[in-house]
Amino acid sequence: MSEFPFSDTVAQAQTRFLAAAASAGALVEVHPHPLAGPDGEAIGAATAFLGDPQAPRLIAVISGVHGIEGHAGAAIQTAWLDRADRPPLPEGTALLFLHQVNPWGAAWDRRENEDNVDLFRNLVYRGPDFPANSFYAEHEAIINPRHVAGPEREAADRAFADLIAREGFDAVASSIRRGQHDFPRGMGFNGRGETWSSRLIDGCGARWASRAARIDVLDVHTGFGAPGEALFIPTQPSGSRCYALAEHWFSGQLFLQGSDVMIPQHPRAPFDSWADLPHHPEVCSIGLEYGTDGVDRDVEQMRAYSVHANYGSLASSEAHPLRRWCREKFYPAAPAWRSAVLAAGLAAIDRMVTDPGPR
């Protein structure tokens with residue numbers, strides 16, 4: 001069993017989160033997922049709300065948009081709630097924790113959800129006009145082999161290596177990371193409609209943010225950057241109020257969307273949909289990304305894992321090494337990494353709670 005507050009399973013993480021939330025006096029809700037985990041166990045998401053529901057400012061801390069990445073964010077949420085010395089909420093500020101919003105992905109060691117959808121991009125690209133990805137479509141059969149092994153797979157692997165050699169790693173990786181809406185069993189599938197998790201997130205906005213004039217979001221991820229490094233990614237450009245807030249809180253640790261092919265620029269943030277609530281609150285979304293061990297460049301390994309997930313079985317013995325690889329890449333077991341993640345996450349929440357930033 002992982003040392004508190006880090007957990008080995010979604011069920012264990014939720015039990016610890018709910019206990020910490022109850023001890024903190026939070027209003028708690030549990031959201032069971034319709035599918036089970038690898039051992040048949042029940043899985044789900046949870047929320048914890050602290051403060052006045054009428055508060056004009058809401059801070060929302062999110063874990064698990066990318067499934068397996070959520071274990072780190074979940075540990076931060078639980079640890080903050082469990083702290084005896086956590087800072088009090090200022091008057092007019094409330095705090096919402098959304099815990100493991102993609103529990104299926106976390107349980108099955110995947111970034112995607114039960115429908116192979118990248119939830120982050122599913123929340124960003126809601127249609128009805130979905131952007132085309134012509135490079136991806138042209139090379140889709142090479143990017144997404146239909147076999148986990150055998151001659152057809154070997155031919156697809158050679159073609160994929162040739163594609164990278166001919167077009168360059170950045171062009172291929174950029175196309176995959178941009179995502180696509182036309183190949184449901186392919187890498188980078190953004191979906192074409194609502195998902196269980198997007199309905200949950202929309203419902204939480206309506207439930208907890210219906211009075212907030214301002215919503216500040218901290219969305220926790222892992223996998224990009226130097227091991228243990230914390231990068232804060234504002235989702236609005238320089239000159240915006242959100243960028244000014246991010247710079248005020250996390251100066252020297254900012255990373256801009258579009259600065260690397262693995263962190264592409266998007267037209268909006270996943271939680272910007274909360275700005276569409278009837279009272280149209282101002283939403284500022286900031287991603288918190290923790291670096292691991294080079295997974296951001298390991299497109300070929302992620303491709304192999306995607307093939308097993310979509311054309312094989314995650315429960316098969318052949319998939320187990322890839323599942324272990326993915327877990328270690330996005331949720332390293334090293335105590336030093338986990339200690340660094342926890343310290344940076346707690347400090348980030350404290351800063352947002354105690355300092356509302358420039359007006």
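Just so it is clear, the model here is predicted, and its values are computed rather than measured.
Ring pair W274/F271 is tilted by interplanar angle, where 30° to 60° counts as tilted. The aromatic rings of H99 and F17 lie parallel to each other, with less than 30° between the two planes, well short of the 60° mark.
With a 6.0 Å cutoff to the six-membered ring centre and a 45° limit on the axis angle, R303 counts as a cation-pi contact of F160. Geometric assessment of R338 against the ring of Y331 yields a positive cation-pi assignment under the 6.0 Å and 45° thresholds.
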Exercise. Decide side chain to side chain contact (heavy atoms under 4.5 Å, CB included) for L218 and I349; before the verdict, give the C-alpha distance in whole Å, the side-chain angles of both, and the deciding distance to 0.1 Å.
Key: CA-CA 8 Å; L218 186 68; I349 299 173; 4.2 Å; yes

Self-check item: F224/F255 under side chain to side chain contact (heavy atoms under 4.5 Å, CB included): CA gap, chis, key distance, verdict
Solution: CA-CA 11 Å; F224 179 82; F255 189 90; 3.6 Å; yes

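When the side chains of ILVMFWY residues are joined at heavy-atom separations under 4.5 Å, either directly or via intervening members, F183 and F135 end up in a single hydrophobic cluster.
Note: S23 OG to D82 CG = 5.5 Å, rounded to the nearest 0.5 Å. To the nearest 0.5 Å, atom CD1 of residue I68 and atom CD of residue E328 are 10.0 Å apart. Note that SG of C326 and CG of D109 are 6.5 Å apart. Values are rounded to the nearest 0.5 Å. Here the CD-CG distance, from E152 to D157, works out to 11.5 Å after rounding to the nearest 0.5 Å.
Contact annotation: the side chain of R121 never approaches that of F189 to less than 4.5 Å [non-hydrogen atoms, C-beta and beyond]. Side chains of V61 and W80 form no contact here, defined as non-hydrogen atoms less than 4.5 Å apart.
Between the side chain of T78 and the backbone N or O of A75 there is no donor-acceptor pair closer than 3.5 Å. Within the 3.5 Å criterion, the main-chain N or O of E41 finds no donor-acceptor partner in the side chain of D39. Looking at E69, its side chain does come within 3.5 Å of a backbone N or O of T222 through a donor-acceptor pair.
Under the 3.5 Å distance criterion, with hydrogens and angles disregarded, no donor-acceptor pair is assigned to the side chains of E112 and N116. Judged purely by distance below 3.5 Å, without hydrogens or angles, the side chains of N310 and S306 pair a donor atom with an acceptor atom. Checking H33 against E114 by side-chain atom types alone, a donor-acceptor pair falls below 3.5 Å. With 3.5 Å as the limit, one finds a donor-acceptor pair spanning the side chains of S175 and N133. In summary, the side chains of H147 and R153 do not present any donor paired with an acceptor at a separation below 3.5 Å, with no hydrogens or angles considered. D118 and H66 are linked by a side-chain donor-acceptor pair at a separation below 3.5 angstrom, with hydrogens and angles left out of the test.
Under the side-chain contact (heavy atoms from CB on, under 4.5 Å) rule, L245 has a single partner from M352, R214, Q236, which is R214.
Considering every non-hydrogen atom in both A45 and P103, the closest pair reads N-CG, 4.1 Å.
Comment: R166 does not engage D162 in a salt bridge, judged by the lack of any side-chain N to carboxylate O separation of less than 4.0 angstrom. A salt bridge links D350 with R83; the closest basic N to acidic carboxylate O contact falls under 4.0 Å.
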